[in-house]
S.K.: 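Encoded as structure tokens, here's the structure I'll be asking about.
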Amino acid sequence: MGEHRPTTARLKTGRLSLRRPTIDDVDAIFTIHNDPETCVHNPSDALTERCEAHALYARWNDQWQRNGYGYWVVLRHGETEPLGFCGVKPMELNGTAVLNLFCRFAPSAWGQGYASEAAATVIAWSSQHVPHLPLIARIRPANIASQRMAIRAGLTRAQHLDGPGYDGTDWIYIAEPADNT
């Protein structure tokens with residue numbers, strides 16, 4: 001999966017800037033992943049020690065170096081405080097290589113459409129730069145906000161792909177393949 005190296009370190013939307021994480025983002029990674037509200041549906045993602053944020057950053061950075069893409073830090077234009085993170089990572093779903101969409105935002109950024117805006121941009125970028133991998137989002141059945149975000153960002157529910165995940169059942173949402181004709 002690492003042979004295609006599209007490397008786009010920065011993306012922009014109407015309100016947001018998305019950039020590749022740096023070591024300077026470890027504090028934001030820790031703050032967002034340490035907040036009990038942000039990982040309520042994915043408790044295995046919760047961080048309790050700052051060293052875990054360093055390790056998470058190292059995994060994210062390794063993926064960028066290997067694949068030329070990964071998770072972006074999401075900020076409002078002109079601001080330096082991250083709202084959250086959004087991006088994709090290669091993985092397998094039912095034996096098929098896919099890109100998994102990830103979004104995690106600080107509670108202060110919830111309900112303002114930032115996650116949907118960032119996710120739609122990442123989905124569009126992925127369809128252009130990594131079109132050979134289907135894009136999915138794994139969402140817990142009780143995570144209504146993420147389900148709404150996935151639909152607003154252009155994903156469709158793919159019930160036939162649902163299955164067990166790290167923290168319980170995953171409902172799968174999928175991006176429709178781009179029409180390149």
S.K.: Nearest 0.5 Å please: distance from the CZ atom of Arg59 over to the CG atom of Asn61.
M.R.: 12.5 Å

S.K.: Taking the side chain as every heavy atom from C-beta outward, state whether Asn67 and Pro90 have any pair of such atoms under 4.5 Å apart.
M.R.: yes

S.K.: Please examine the side chains of Tyr57 and Pro21, heavy atoms only from C-beta on, and report whether any two atoms are closer than 4.5 Å.
M.R.: yes

S.K.: Are the side chains of Cys86 and Leu101 in contact, using a 4.5 Å heavy-atom criterion?
M.R.: yes

S.K.: Let me check something: do Phe105 and Leu18 share a hydrophobic cluster, defined by ILVMFWY side-chain heavy atoms less than 4.5 Å apart, either directly or through other members?
M.R.: yes

S.K.: Is the gap between the ring centers of Trp60 and Trp72 under 6.0 Å?
M.R.: no

S.K.: Is there a side-chain contact between Leu11 and Arg19 in this structure, where contact means two heavy atoms from C-beta onward sitting under 4.5 Å apart?
M.R.: no

S.K.: When rounded to the nearest 0.5 angstrom, what distance separates NE2 in His160 from CG in Asn94?
M.R.: 8.5 Å

S.K.: To check you understand the geometry: which heavy-atom pair defines the closest contact between Ser116 and Arg152, and what is its length?
M.R.: OG-NE, 3.0 Å

S.K.: Can you name the nearest heavy-atom pair linking Leu155 to Ile123, along with the distance?
M.R.: CD2-CD1, 3.6 Å

S.K.: Look up atom CG in Asn143 and atom CE in Met149, then write down how far apart they are to the nearest 0.5 Å.
M.R.: 8.0 Å

S.K.: Tell me, please, which residues at least two apart from Asn34 pass side chain to side chain donor-acceptor pair (under 3.5 Å).
M.R.: none

S.K.: Rounded to the nearest 0.5 Å, what separation is found between the CD atom of Gln65 and the CG atom of Asp62?
M.R.: 6.0 Å

S.K.: Once salt bridge (charged side-chain N to carboxylate O under 4.0 Å, His left out) is applied, do any residues pair with Arg104, and if so which ones, sequence neighbours excluded?
M.R.: Asp45

S.K.: Do the side chains of Val122 and Val74 join up, straight or via other hydrophobic residues, at under 4.5 Å, putting them in one cluster?
M.R.: yes

S.K.: Given salt bridge (Lys or Arg N to Asp or Glu O under 4.0 Å), test Asp162 with Arg138 step by step and report yes or no.
M.R.: CA-CA 8 Å; Asp162 293 352; Arg138 300 172 299 145; over 6 Å; no

S.K.: Is it true that Thr96 and Glu92 share a donor-acceptor pair across their side chains at a distance under 3.5 Å?
M.R.: no

S.K.: Quick check on Arg148: does its CZ atom have over 12 non-hydrogen neighbours (other residues, nucleotides or ligands) under 6.0 Å away?
M.R.: no

S.K.: Less than 4.5 Å apart, any side-chain heavy atom of Glu37 and any of Trp110?
M.R.: yes

S.K.: I'd like to check Lys12 versus His77 (side-chain heavy atoms, cut-off strictly below 4.5 Å). Are they in contact?
M.R.: yes

S.K.: If hydrophobic clusters are built by linking Ile, Leu, Val, Met, Phe, Trp and Tyr wherever their side-chain heavy atoms come under 4.5 Å apart, do Tyr173 and Val130 end up in the same one?
M.R.: yes

S.K.: Ignoring hydrogens, what is the shortest heavy-atom contact between Val88 and Gln63? Give both atom names and the distance.
M.R.: O-NE2, 2.8 Å

S.K.: Ile29 and Leu16: same hydrophobic cluster, using ILVMFWY side-chain contacts below 4.5 Å?
M.R.: no

S.K.: Taking all non-hydrogen atoms of both residues, which atom of Ala97 and which atom of Leu133 are closest, and how far apart?
M.R.: CB-CD2, 3.7 Å

S.K.: Can you check whether Ile139 reaches His41 side chain to side chain, under 4.5 Å on heavy atoms?
M.R.: no

S.K.: Checking Phe102 now: which residues fulfil ring pair (Phe, Tyr, Trp, His ring centres under 6.0 Å) with it, not counting sequence neighbours?
M.R.: Tyr71

S.K.: In sequence, state the C-alpha distance, the side-chain angles, and the governing distance for Arg76 and Tyr114, and then conclude on side chain to side chain donor-acceptor pair (under 3.5 Å).
M.R.: CA-CA 9 Å; Arg76 282 185 208 93; Tyr114 295 131; 2.9 Å; yes

S.K.: Going through the checks in order, is the side-chain contact (heavy atoms from CB on, under 4.5 Å) test met by Ile32 and Phe85?
M.R.: CA-CA 9 Å; Ile32 290 172; Phe85 311 99; 3.6 Å; yes

S.K.: Work out which heavy atom in Asp170 is nearest to a heavy atom in Pro164; give both atom names and the distance.
M.R.: OD2-O, 4.1 Å

S.K.: What heavy-atom pair brings Asp167 and Ser44 nearest, and what distance separates the two atoms?
M.R.: OD2-OG, 2.8 Å

S.K.: Would Arg140 pass as a cation-pi partner of Trp171, given that its NZ or CZ must be under 6.0 Å from the six-membered ring centre and within 45 degrees of the axis?
M.R.: no

S.K.: Taking the side chain as everything from C-beta on, heavy atoms only, tell me whether Leu99 gets closer than 4.5 Å to Tyr69.
M.R.: yes

S.K.: For atom CD of Gln159, is the number of surrounding heavy atoms from other residues, nucleotides or ligands below 6.0 Å larger than 12?
M.R.: no

S.K.: Ignoring hydrogens and geometry beyond distance, is a side-chain donor-acceptor pair present between Asp35 and Thr38 at under 3.5 Å?
M.R.: no

S.K.: Can Leu75 be reached from Ile23 by stepping across I, L, V, M, F, W or Y side chains whose heavy atoms are under 4.5 Å apart?
M.R.: yes

